[in-house]
> 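Got a structure for you, written out below as structure tokens; questions coming shortly.
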Amino acid sequence: MKQWLLEIYRVWWREFRLVLRDEGVVIFFFAVCAVYPILYSLIYNTEIERDEPIVVIDDCRSQISRELVRKLDATPEVKVVSYAANMQEARELMHRKKCYSIVYIPREFSQCVERKEQGNISVYSDMSVMFRYKNMLMAITNVTQGMGAQAQEQIIEPITSGGIGLIENRQVPIGNTGMGLASAVLLFILPLVIQQSMLLGIGMLHGGSIERRRKNRGYDPMEEPATVSATIIGKMMCHQIVYIAPVIYVLHFTPMIFDFPQNANLLESLALAIPFVMAVSFMGQTLQAFVNERESVFLLLAFTSVIFVFLVGVSWPRYAMSRFWYTIGDCVPGTWMSNGYVLMQSGGASLSQIAHPFTMLWLQCGVFFLLAYGVERFVSRPRYRHWQRRAANDPDSLQKYDLIKNGL
């Protein structure tokens with residue numbers, strides 16, 4: 001046991017020195033975590049947008065259609081800037097950026113309402129910026145729901161006592177009280193920034209080791225002789241210590257700087273981050289089986305950031321996903337970390353109230369440790385021994401292979 005602990009310490013110290021000496025890894029581990037949260041937060045810094053210009057096509061020209069337009073114009077989200085005679089004229093105004101949404105009220109709208117039937121309204125919105133679509137959707141939903149409630153009250157008024165309405169439309173935001181887009185989206189993305197930077201940095205470290213072995217006949221001059229488990233745990237401990245400051249900065253200070261919801265306890269957030277960082281470290285050591293050069297980590301992992309954003313449920317709810325994608329999302333540590341972190345920051349949940357994500361992160365630690373152990377023992381180390389035997393017969397074989405592979 002003493003020898004095993006000593007091996008863990010040596011691997012940890014070797015990995016720590018490699019992290020600080022490698023400019024690319026320093027960029028991924030520290031610069032990305034420092035810059036990306038600020039960059040993403042600044043993009044959505046306006047949080048909400050007021051008085052978005054819209055155009056109305058009123059083919060109904062009735063009292064109820066004019067009332068709908070007046071109430072729509074009175075909402076803080078949108079502002080009616082003009083009426084259009086037809087769709088062609090409205091589309092021209094949108095192309096000239098005079099408006100960002102079009103509301104079309106059909107001719108039979110008032111007749112449907114008077115006959116106690118469902119009246120339909122068509123809305124066309126510019127989707128190039130999510131703020132605009134969100135504002136238009138909120139405004140038209142609130143107005144139509146309010147008018148629908150009034151119509152229902154008129155129907156049931158004869159059977160109610162005192163004319164008290166039975167249906168009330170009230171919007172009560174919970175957690176994200178400002179109803180800002182950044183407060184809703186960025187809290188999901190912040191843990192994913194940590195995950196992606198870790199995976200890229202771990203892959204680059206392994207790619208550097210591969211390159212050193214090719215130049216030194218299959219041997220890595222920086223390698224510390226250790227058992228498989230000591231190697232994996234030593235690397236994980238290095239990543240855990242290195243990421244103490246980035247985790248506190250990203251998960252605690254970034255929401256404080258941009259006034260995002262801050263209902264979580266710092267110690268409980270760090271307790272949730274401990275199994276998260278461990279699981280991501282083991283996941284990165286598992287994926288290193290597919291990394292053969294420092295640059296290949298970009299081809300392997302850079303494109304996955306968008307996939308992880310979708311899997312976490314920020315743009316499409318997880319319960320509405322197909323079973324396949326739901327299962328894939330369950331296998332990613334960032335999914336459980338993001339959902340647990342949002343519940344703590346927005347909803348004020350304690351660590352005991354998010355026991356399921358917390359438990360799943362610890363379960364992933366065990367699963368990815370076993371996978372990383374298998375990769376290190378049955379993939380990486382046999383490959384290194386094969387290279388060493390090959391280089392013993394032909395000292396230049398590994399460099400020749402590298403040149404041939406690159407077309408040189």
> Quick check against the 3.5 Å criterion: does Ser41 have a side-chain atom that pairs as donor or acceptor with the backbone of Ile38?
no

> Take a 6.0 Å sphere around CD of Glu117 and say whether it holds more than 12 heavy atoms from other residues, nucleotides or ligands.
yes

> Any heavy-atom pair between the side chains of Val280 and Ile194 that's under 4.5 Å?
no

> Closer than 3.5 angstrom, by distance alone: can the side chain of Thr254 be matched with the main-chain N or O of Leu251 as a donor-acceptor pair?
no

> Just by modelled atom types, is the Arg10 backbone N or O under 3.5 Å from a matching donor or acceptor in the Glu224 side chain?
no

> Closest approach of Val26 and Leu20, non-hydrogen atoms and distance?
CG2-O, 4.0 Å

> Check the side chains of Trp336 and Thr359 for a donor-acceptor pair under 3.5 angstrom, ignoring hydrogens and angles.
no

> Checking the side chain of Asp22 only, and the main-chain atoms of Leu18 only, is there a donor and an acceptor separated by less than 3.5 Å?
no

> Report the C-alpha separation of Arg318 and Asp330 in whole Å, then their side-chain angles, then the decisive distance to 0.1 Å, and conclude whether the salt bridge (charged side-chain N to carboxylate O under 4.0 Å, His left out) test is met.
CA-CA 10 Å; Arg318 276 173 49 80; Asp330 286 348; 2.4 Å; yes

> Nearest 0.5 Å, what's the CE-CD distance between Met136 and Glu77?
9.5 Å

> Can any side-chain N or O of Thr75 pair as donor or acceptor with the backbone N or O of Leu72 at less than 3.5 Å?
yes

> Between atom CD1 of Ile307 and atom CH2 of Trp325, what is the distance when rounded to the nearest 0.5 Å?
6.5 Å

> If we only count heavy atoms from C-beta on, is the Phe358 to Pro275 side-chain gap below 4.5 Å?
yes

> Any side-chain heavy-atom pair from Ser82 and Lys98 closer than 4.5 angstrom?
no

> According to the interplanar angle, ranging from 0 to 90°, do the rings of Tyr384 and Trp387 count as parallel (below 30°), tilted (30 to 60°) or perpendicular (above 60°)?
tilted

> Could you report the tightest heavy-atom contact between Ala349 and Ile354, atom names first, then the distance?
CB-CG2, 4.0 Å

> Quick one: do Arg107 and Asp59 satisfy salt bridge (charged side-chain N to carboxylate O under 4.0 Å, His left out)? Show the steps, please.
CA-CA 5 Å; Arg107 187 183 303 274; Asp59 283 348; 5.4 Å; no

> Please lay out, stage by stage, how Glu67 and Lys71 fare under the test salt bridge (charged side-chain N to carboxylate O under 4.0 Å, His left out).
CA-CA 6 Å; Glu67 180 184 0; Lys71 290 185 175 182; 3.2 Å; yes

> Quick check against the 3.5 Å criterion: does His239 have a side-chain atom that pairs as donor or acceptor with the backbone of Lys235?
yes

> With a 6.0 Å cut-off (strictly less than), is the heavy-atom count around CE of Met321, excluding the residue itself, greater than 12?
yes

> Can you see which heavy atom on Gln388 is nearest to which on Gly218, and at what distance?
NE2-O, 3.2 Å

> Any side-chain to backbone donor/acceptor pair from Thr144 onto Thr141? Under 3.5 Å, distance only.
yes

> One thing to verify: whether Arg213 and Glu223 come together as a salt bridge, which I'm taking to mean a side-chain N less than 4.0 angstrom from a carboxylate O.
yes

> Could you walk me through whether Val55 and Val103 pass side chain to side chain contact (heavy atoms under 4.5 Å, CB included), step by step?
CA-CA 6 Å; Val55 168; Val103 177; over 6 Å; no

> Between Asn339 and Thr335, is there a donor-acceptor pair closer than 3.5 Å when you use the side chain of the first and the backbone of the second?
yes

> For the residue pair Leu270 and Val247, establish whether any side-chain heavy-atom pair is separated by less than 4.5 Å.
yes

> For Arg381, is there an ion pair with Glu376 - N to carboxylate O distance below 4.0 angstrom?
yes

> On a heavy-atom basis, which atom in Ser101 and which in Asp126 lie closest, and how many Å separate them?
OG-N, 4.5 Å

> Report yes or no: does Asp73 contribute a side-chain atom to a donor-acceptor pair with the main-chain N or O of Lys79 at less than 3.5 Å?
no

> Between the side chain of Glu7 and the main-chain N/O of Thr227, is any donor-acceptor distance below 3.5 Å?
yes

> Do Pro246 and Phe30 make a side-chain contact, defined as non-hydrogen atoms from C-beta onward lying under 4.5 Å apart?
yes

> Which word best sums up how the rings of Phe16 and Trp13 line up, parallel for under 30°, tilted for 30 to 60°, or perpendicular for over 60°?
parallel

> Using the ring-ring contact (aromatic ring centres under 6.0 Å, His included) rule, pick out the option among Tyr36, Phe298, Tyr243 that qualifies with Phe28.
Phe298

> Taking side chain as C-beta onward, heavy atoms only, is Leu68 less than 4.5 Å from Ile121?
yes

> How about Arg17: does its CZ atom have over 12 heavy atoms from other parts shown lying under 6.0 Å from it?
yes

> Checking Tyr83 against Asp58 for the side chain to side chain contact (heavy atoms under 4.5 Å, CB included) test, could you report, in this order, the C-alpha distance in whole Å, the side-chain angles of both residues, the deciding distance, and whether it holds?
CA-CA 7 Å; Tyr83 282 85; Asp58 187 3; 4.1 Å; yes

> Check whether any side-chain heavy atom of Pro255 sits under 4.5 Å from a side-chain heavy atom of Gln345, and report yes or no.
yes

> Just so I know, are the side chains of Leu343 and Gln353 near enough to count as touching, which here means a heavy-atom distance under 4.5 Å?
no

> Take atom CZ in Phe310; do more than 12 heavy atoms of anything else shown fall under 6.0 Å from it?
no

> Compare every heavy atom of Phe368 with every heavy atom of Ala279, then report the nearest pair and how far apart it is.
O-CD1, 4.0 Å

> Within this structure, what is the NE2-OH distance for the pair His252 and Tyr249, rounded to the nearest 0.5 Å?
13.0 Å

> Should the heavy atoms of other residues, nucleotides or ligands under 6.0 Å from CZ of Arg323 be counted, would the total exceed 12?
no

> Output the distance between atom SG (Cys99) and atom CD1 (Ile54), rounded to the nearest 0.5 Å.
8.5 Å

> Roughly how far, to the nearest 0.5 Å, is CZ of Arg66 from SG of Cys60?
8.5 Å

> How many angstroms lie between atom CD of Gln196 and atom CZ of Phe308, to the nearest 0.5 angstrom?
6.0 Å

> Near Arg383 CZ, under 6.0 Å, is it more than 12 heavy atoms from other residues, nucleotides or ligands?
yes

> Apply the test side chain to side chain contact (heavy atoms under 4.5 Å, CB included) to residues Ser110 and Gln63: give CA-CA distance (whole Å), side-chain angles for both, the deciding distance (0.1 Å), then the verdict.
CA-CA 8 Å; Ser110 62; Gln63 180 182 357; over 6 Å; no

> Under the criterion side chain to side chain contact (heavy atoms under 4.5 Å, CB included), I'd like the reasoning laid out for Tyr9 against Leu5: C-alpha separation, chi angles, the key distance, then a yes or no.
CA-CA 6 Å; Tyr9 169 76; Leu5 293 176; over 6 Å; no

> Looking at every non-hydrogen atom in both residues, tell me the closest pair between Val78 and Asn135 and how far apart they are.
CG1-O, 4.1 Å

